[in-house]
2 protein chains.
Amino acid sequence: MGKTSLQNGTPSPAITRAWIGLMRAQQRVLAAIEKDFKSAGLPPLGWYDVLWELVKADGGRLRPFEIEARTLLAQYNLSRLIDRLEREGLVRRETFDADSRGRWIVITEEGRAMRERMWQTYARSLERHIGDKFSEAEARELAALLSRLA
Amino acid sequence: MGKTSLQNGTPSPAITRAWIGLMRAQQRVLAAIEKDFKSAGLPPLGWYDVLWELVKADGGRLRPFEIEARTLLAQYNLSRLIDRLEREGLVRRETFDADSRGRWIVITEEGRAMRERMWQTYARSLERHIGDKFSEAEARELAALLSRLA
DNA sequence: TTAATATAGATGCAACTGCATATATCCATA
DNA sequence: TATGGATATATGCAGTTGCATCTATATTAA
């Protein structure tokens with residue numbers, strides 16, 4: 001039994017409230033951010049994560065399975081997300097010579113530009129929907145607590 | 001600009017880490033719980049919320065728009081979720097005489113039994129995936145911080 | 001070598017979601 | 001009391017997800 005529980009195997013009210021709070025907070029903030037993206041005529045937030053991993057990576061490229069590990073996307077979802085990104089010209093698929101099962105996913109100039117454009121909106125959203133609600137110390141505390149669930 | 005931000009409109013690292021932590025924690029815990037449900041041969045977690053609201057409600061029944069308000073489900077998603085619950089015999093749609101646009105959604109005995117069965121698994125999951133990770137005080141602190149985002 | 005197994009990535013299909021709109025009814029007011 | 005607008009719920013459609021499986025290639029071990 002966990003550190004925090006009643007005798008009968010029922011989670012304590014605090015645990016329950018933390019869980020409900022986690023679900024609702026994530027849903028609300030995510031919905032608010034997605035709405036801001038939509039208003040700005042931007043693609044869904046999920047695209048950002050992939051583009052950002054590629055920008056951070058050496059040579060602006062990664063293997064699909066590497067993106068998968070960094071983003072928590074399921075393999076089949078990532079494969080199709082890459083389809084969409086490629087259709088919009090934001091990434092290219094290139095051959096990976098050392099293993100012909102593999103591919104490089106390479107970010108294009110358009111992809112880099114899009115990521116920056118998305119960040120403008122994203123940064124403002126984070127400020128508005130999260131930053132405004134916490135002091136610096138509280139934000140650190142929240143991040144620390146959440147990291148225990150990762 | 002928020003309480004917590006740098007000059008240039010970029011969210012502070014603490015805010016960014018809180019946000020990433022929020023997304024990842026929710027995804028991971030939700031995925032773990034859904035997996036537990038699936039292993040136990042149970043329907044998706046989303047069903048639980050509706051059944052639970054109905055159990056708590058007077059007479060075991062609510063109007064769809066009341067469920068909507070209590071669960072954050074979108075109207076069209078709820079309408080279809082009720083279809084599925086009804087198909088499984090867990091709820092019934094009944095007429096609402098005072099306003100014939102409306103309906104009652106009534107939980108059945110099977111619905112009550114299913115909710116209890118789901119709770120067995122749910123409670124253990126919450127213990128394992130959240131309760132084990134926090135002291136009582138920490139859980140309260142986390143819930144309090146998350147409630148600011150609601 | 002070859003056969004068995006594992007890994008990288010893609011894809012058909014059914015279920016679910018979001019969006020827009022439909023349908024039915026109610027309410028306010030001219 | 002007719003009409004314009006609001007509210008409650010449902011639904012067609014296109015896009016997305018999850019699941020299972022496929023193809024292609026790599027690795028291991030006999």
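Keep in mind that what you see is a predicted model, and the values were worked out from it rather than measured. Letters go in sequence order (proteins before strands), and every chain restarts at 1.
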By nearest-nucleotide position on DNA chain D, the 5'-leaning member of Ser100(A) and Ala74(A) is Ala74(A)

Please list, chain by chain and in numerical order, all residues satisfying side-chain hydrogen bond (donor to acceptor under 3.5 Å, both in side chains) with Glu110(A), sequence neighbours excluded.
Thr108(A)

Extract all donor-acceptor atom pairs below 3.5 Å that involve side chains of residues 50-60 of chain A and protein atoms in other chains or at least two apart in sequence.
none

Hey, does the side chain of Asn77(B) come within less than 4.0 Å of dG18(C)'s phosphate (OP1/OP2), counting only N and O?
yes

Quick test of your reading: applying ring-ring contact (aromatic ring centres under 6.0 Å, His included), list the pairs with at least one residue in residues 85-111 of chain A, sequence neighbours left out, ordered by first then second residue.
Phe96(A)-Trp104(A)

When clusters are formed from ILVMFWY side-chain contacts under 4.5 Å, directly or step by step, what else is grouped with Tyr76(A)?
none

Under the criterion ring pair (Phe, Tyr, Trp, His ring centres under 6.0 Å), I'd like the reasoning laid out for Phe37(B) against Tyr122(B): C-alpha separation, chi angles, the key distance, then a yes or no.
CA-CA 8 Å; Phe37(B) 271 54; Tyr122(B) 202 178; 5.7 Å; yes

List the residues meeting side-chain hydrogen bond (donor to acceptor under 3.5 Å, both in side chains) with Thr121(B), not counting sequence neighbours, and say none if there are none.
none

Covered region of DNA chain D, 5' end to 3' end, by chain A [heavy atoms, under 4.0 Å]
dT16(D) to dA26(D)

Scan residues 24-49 of chain B for pairs that pass salt bridge (charged side-chain N to carboxylate O under 4.0 Å, His left out), counting only residues two or more places apart or in two chains.
Asp36(B)-Arg128(B)

Under a side-chain separation threshold of 4.5 Å, the hydrophobic residues clustered together with Ile20(A) are none

Residues forming a salt bridge (charged side-chain N to carboxylate O under 4.0 Å, His left out) with Arg80(B), sequence neighbours excluded
none

Heavy atoms within less than 4.0 Å of DNA chain D: which residues of residues 28-56 of chain B have one? Give them sorted by number.
Lys38(B)

Distances for protein N or O near nucleotides 9-11 of chain C N or O, under 3.5 Å:
{"unit_1": "dG9(C)", "atom_1": "OP1", "unit_2": "Arg63(A)", "atom_2": "NE", "d": "3.3"}
{"unit_1": "dG9(C)", "atom_1": "OP1", "unit_2": "Arg103(A)", "atom_2": "N", "d": "3.4"}
{"unit_1": "dG9(C)", "atom_1": "OP2", "unit_2": "Phe65(A)", "atom_2": "N", "d": "2.9"}
{"unit_1": "dA10(C)", "atom_1": "OP1", "unit_2": "Arg93(A)", "atom_2": "NH1", "d": "2.9"}
{"unit_1": "dA10(C)", "atom_1": "OP1", "unit_2": "Arg103(A)", "atom_2": "NE", "d": "3.1"}
{"unit_1": "dA10(C)", "atom_1": "OP2", "unit_2": "Ser79(A)", "atom_2": "OG", "d": "3.0"}
{"unit_1": "dA10(C)", "atom_1": "OP2", "unit_2": "Arg93(A)", "atom_2": "NH1", "d": "3.1"}
{"unit_1": "dA10(C)", "atom_1": "N7", "unit_2": "Gln75(A)", "atom_2": "NE2", "d": "2.8"}
{"unit_1": "dA10(C)", "atom_1": "N6", "unit_2": "Gln75(A)", "atom_2": "OE1", "d": "3.0"}

List in chain and number order the residues that pass side-chain hydrogen bond (donor to acceptor under 3.5 Å, both in side chains) with Arg93(B), two or more places apart in sequence or in another chain; answer none if no residue qualifies.
Asp83(B), Glu86(B)

